[in-house]
Amino acid sequence: MRNVFLDHQSTTPVLPEVFDAMKPYFMEAFGNASSLHKHGLRVRDALAVARKQFAALINAESPEDIFFTSDGTESSNLAVKGVAYANQKKGNHIVLSETEHPSIIASVEFLEKQGFTSTKVKVDREGRIKPEDVRAALTDKTILICVHHVNHDIGTIQPVQAIGKIAAEKGIAFYVDAEASAGWLPIDVQSMGANLLSFSPHRFYGPKGVGVLYRNRKARIVSMMHGGVQEGGRRAGTENIPAIVGAGLAAQIAQEELSVRIAHTATLQNRLWNGLREKVEYIKLNGPEPGPERISTTLNLSTEFIEGEGQLLLCDMNGIAVASGSSCVSKSLKISHVLAAIGLDHALAQGNIIMSLGKDNTAEEVDYVVETFVKIADRLRGMSPMWDEFQRGVIDSVIKPTGRGKSFSDHAAHISGKAAH
Amino acid sequence: MRNVFLDHQSTTPVLPEVFDAMKPYFMEAFGNASSLHKHGLRVRDALAVARKQFAALINAESPEDIFFTSDGTESSNLAVKGVAYANQKKGNHIVLSETEHPSIIASVEFLEKQGFTSTKVKVDREGRIKPEDVRAALTDKTILICVHHVNHDIGTIQPVQAIGKIAAEKGIAFYVDAEASAGWLPIDVQSMGANLLSFSPHRFYGPKGVGVLYRNRKARIVSMMHGGVQEGGRRAGTENIPAIVGAGLAAQIAQEELSVRIAHTATLQNRLWNGLREKVEYIKLNGPEPGPERISTTLNLSTEFIEGEGQLLLCDMNGIAVASGSSCVSKSLKISHVLAAIGLDHALAQGNIIMSLGKDNTAEEVDYVVETFVKIADRLRGMSPMWDEFQRGVIDSVIKPTGRGKSFSDHAAHISGKAAH
Amino acid sequence: MSETYTLYNNTVMDHFMNPRNMGDIKDADGVGEVGAAACGDIMKISLRIKDGKIEDARFKTFGCGSAIASSSMATELIKGRTVAEAMQFSNQEVVDALGGLPPVKIHCSVLAEEALKAALEDYSKKHPESLNDKKAVTA
Amino acid sequence: MSETYTLYNNTVMDHFMNPRNMGDIKDADGVGEVGAAACGDIMKISLRIKDGKIEDARFKTFGCGSAIASSSMATELIKGRTVAEAMQFSNQEVVDALGGLPPVKIHCSVLAEEALKAALEDYSKKHPESLNDKKAVTA
Ligand SMILES: Cc1ncc(COP(=O)(O)O)c(C=O)c1O
Ligand SMILES: Cc1ncc(COP(=O)(O)O)c(C=O)c1O
């Protein structure tokens, strides 16, 4: 069967050269970086190399501003809580956008139970944060601004530089979650004005088991992982050396190949979106059109009158790996909070599929996906009572309204007795 | 040069079969366990297998009581803070021993800043905790008892079962840090009465980048890593699949080989200690004698009149990897808090070396270590003003006092102007 | 390592991939359409009933794999039952016949039960005489 | 990958492994023994001084690698200097000559300076006439 991986937003395979770089650190150079004998010293050198590679990827002032954690989630948690607890005496207010990743939103919610407060800045219908809204949300108690570089669901690139200027002007720590962009977009922490920035190498062909947090001297943080004095006392715990070594190399390669990767995925992104919109009726792209405001790797699609999990399963049965922000695929039965934040009609959120491209996808694969997806949409519409009712004029389309009936969502709310969420 | 690794307490190399088991999960089965397509589902199965292997190692009631974290430190942090925050309404008092690992002590100290309180139970001169002291420390606000199974520095096996009984009787959550024992001693959480137990597979030939926390239904915890709903909502973040897979196999092998490993290390431990005490004058074993109260892998030694770092460096130059609890090897310039807790004379703490055996050490290696260590002690004593002053009767020995002068520590305090710490 | 990894068991996957009784019955004797407030799924079941017995059942579903499989299985199970028997139908039958559903997906089987009950109710409204049978059984 | 990994640079390691001037001077003209409160290290330096000039310097040290290397280097550096020059000796000379020490180990070089100063003080006490030289320089 075909094997087309279109879920690079969830994770990526490790590069062969990255795996080769990791290999000696499992059985041969297996030391603990805290040890003072040669086994420990050898791996300390390896940590230092990786720190430089990460610093280079994001143009950090110094490798000493790079901290290793266990994953993107831990980096987010450390950035948010570490800054909050360190500045507790200065203030207790955090500004974030409503489309941040759960690792940030849930960290802020945890802090709210401990006496902190927050303001969530709204986004527009394509997921953009307005810098002036961030400014308006600031109070004299604000100690942290959290904004993602690129949204993980809908691919919107945020105006981080402008927000960084506001943060610098007000002297407030500025944290950028670059999990969805690192390795796929140029990142320059200095021109962004970021005091903290996090990312996770398993998203750009590095291994799982390591996350990165950049933090410069202008922002104070306290440790959230208590114990030994690893990472300058900011993250206790035995370092995951093989993963750090591999991740460092993945960062270096990502930096070297960045423009090639961007050009390649942008071409495929256009081909994929053009193919789908030509061949599938009533399909919508969520987030900005391909171009300067959208990352080149992802398409977030809503196909009307059919639900997302069915699409995902049929894609999988045809060898195509995709994700979905539909409520049926989430353990909480809620649609993605990002789709809710951009005000997407619930029926369209239900029909959501996220396709994310990588460096190894080909034009031929994209054509196969388009062709297959046309069949999947047809098949599911053939089973869908909504498609039938739309054909019969009972309900209308949200994407191309004709005025011939009530909306799918109104209809669904009517028959289920209450509005969906 | 010789290569004798005697620092298995710091970390261990990955077993070849463990590495082989991990391999496919880097490039082939690289999925994210949260994904619903085949790449995700495949690795979910692998997580389930590992959970069973860990549950078996410690005789957990159910694999669902096994949670994956990033390392032993995170497991300790989650156990301590997760229980504390979950029981905030019930009480705010934590009982622990003074020889717990820093990941526990520092977690409790962090909580103290947030309004919790604690009592540290003292240990005797061999590092033993008395169950009755734990009982005496309990108040009606106590929500958690933290006791390690084996001390990481001096190898003392603690009476966890008796403490577990007290905890059960009082209905207080009982957390056992088994980092220094898992894979090297039989562990049965049920007979121990542990509600929580943590360990870290890189200590028994598994990979770095994964820690384990067992927690049964009798203890409530809240998540300390906020974000996605991985690990049943108790630990957000993309799972480090290759490490979890390898660690699971390492646990299974450890269980299978446990009695062989114990017998082998116990034999070498005796040979090493007997060799050293016969050939090196003024040497002391810290913690219990080899036998039922001491783990079979470690020897914690104090060699009088010489300092630990020099011993460590000279061992390293001779291909022998060891650790030390002396102040000179710590970033804080403090002696190990464990050596302080057992009331070890500062001069002896300064001369501290920790040797920890593994399954691949041989009798021949042990003989080489004894022979080499004799020379190292001689050499450093030849450079030591204290040895000279002892010979001349200016100061006395702590290990075998003759009454012929003041102690080394008194002398050191005198010339440095204040007591050492 | 095997190469087949599916979210659902084989029976569920089979009913999702090869749904039984998919479609609408023309001039059905009873039609029920219900929606799940929890997730937004919609299910429609139509029945042909003759002499108090379900002769045919068809479904259309907007929903996830388990919703489609549940409606496929539900229609399969109730064909041939009397109206009175069908009124006793419970979602557990669907779950059992499917060999289990993930906990978070149990509500899909509930939706199938509700769609069936709604169709029977529709039938009862159109055929009040059938209520006698029903009472006889539920009493 | 190379197989040499050391905590200290080559110069420090060389002085630790092959310490210069290790030992005691019999009937020394000045002896200083000091201890570091920070970590418990102890250093002893003995001097032979002739005509206001350090002819020989020896050390004994209880302490870590950098303490041993610092005392080795310090004794090496001061040999041949006048007492007056030696009174100006600073730990930075040791650090520089060793090509640097880890930040947490700088105090070892301070200890070497202190041991030397203590030995010079001891000498001054025994030879009060030497103070004239000292004043001449420090003034
Ligand atoms: C924008 C963003 N931030 C943070 C995270 C958390 O990263 P990880 O899954 O590596 O823990 C993710 C992961 O999906 C993400 O997309
Ligand atoms: C007793 C004990 N607990 C916890 C830890 C922390 O484990 P890790 O270094 O894997 O984070 C250690 C590590 O030395 C330990 O010895």
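All chains are named by letter (A, B, ...) in the order of the sequence lines, taking the proteins before the strands, and each is independently numbered beginning at 1.
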Would you mind checking which part of A:R203 comes under 4.5 Å of any heavy atom in chain B, side chain (CB onward), backbone (N, CA, C, O), both or neither?
neither

A:M225 vs A:E74 side-chain heavy atoms within contact, under 4.5 Å
yes

Would you call the rings of B:H39 and B:F30 parallel, tilted or perpendicular if under 30° counts as parallel and over 60° as perpendicular?
tilted

For B:H148, give me all partners under ring pair (Phe, Tyr, Trp, His ring centres under 6.0 Å), at least two apart in sequence or on another chain.
none

Check each atom of B:Y85 against the heavy atoms of chain A and say whether the ones under 4.5 Å are side chain, backbone, both or neither.
side chain

I'd like to verify something: which residue of A:I320, A:N240, A:I244, A:L312 has the highest number of heavy-atom pairs under 4.5 Å with chain B?
A:N240

Which of the residues B:P207, B:S324, B:G31, B:S223 is involved in the greatest number of heavy-atom pairs with chain A at under 4.5 angstrom?
B:G31

So A:S200 and B:T238, do their side chains get closer than 4.5 Å, heavy atoms only?
no

Once ring pair (Phe, Tyr, Trp, His ring centres under 6.0 Å) is applied, do any residues pair with A:F67, and if so which ones, sequence neighbours excluded?
none

With chain A as the partner, which of B:S103, B:G228, B:G233 has the greatest number of non-hydrogen pairs under 4.5 Å?
B:S103

Part of A:F19 within contact of chain B (heavy atom distance under 4.5 Å)
side chain

Please classify the contact of B:E179 with chain A as side chain, backbone, both or neither, using a heavy-atom distance under 4.5 Å.
neither

Quick check for you: among A:E239, A:Q230, A:H226, which has the greatest number of heavy-atom pairs under 4.5 Å with chain B?
A:H226

Can you see which heavy atom on A:T73 is nearest to which on B:G237, and at what distance?
OG1-CA, 3.2 Å

Write out, in numerical order, the residues from residues 107-114 of chain B with a heavy atom short of 4.5 Å from a heavy atom in chain A.
B:S107, B:F110, B:Q114

By salt bridge (charged side-chain N to carboxylate O under 4.0 Å, His left out), B:D177 pairs with (sequence neighbours left out) none

A:D316 side chain to B:K38 backbone, donor-acceptor under 3.5 Å:
yes

Looking only at heavy atoms, which two atoms of A:A29 and A:V43 are closest? And how far apart?
O-CG1, 3.5 Å

Residue from B:V322, B:T69, B:L15, B:I104 scoring the most non-hydrogen pairs under 4.5 Å with chain A is B:V322

Name the region of A:T12, side chain, backbone, both or neither, that has any atom closer than 4.5 Å to a heavy atom of chain B.
backbone

Which of parallel (below 30°), tilted (30 to 60°) and perpendicular (above 60°) describes A:F204 and A:F199?
tilted

Most heavy-atom pairs under 4.5 angstrom with chain A, which of B:I105, B:V18, B:N32?
B:N32

Walk me through whether A:D153 and A:S336 qualify under side-chain hydrogen bond (donor to acceptor under 3.5 Å, both in side chains).
CA-CA 8 Å; A:D153 264 9; A:S336 146; 2.4 Å; yes

Checked A:H37, A:M317, A:E309 vs chain B; the most non-hydrogen pairs under 4.5 Å come from A:H37

If every non-hydrogen atom of B:C315 is compared with every non-hydrogen atom of B:I376, which pair is closest and at what distance?
N-CD1, 3.5 Å

Who among A:A323, A:G227, A:G319 has the most heavy-atom pairs with chain B under 4.5 Å?
A:G227

Determine yes or no for a side-chain-to-main-chain donor-acceptor pair under 3.5 angstrom, with A:N361 supplying the side chain and A:G358 the backbone.
yes

Quick one: what part of A:A243 sits under 4.5 Å from any heavy atom of chain B, side chain, backbone, both or neither?
neither

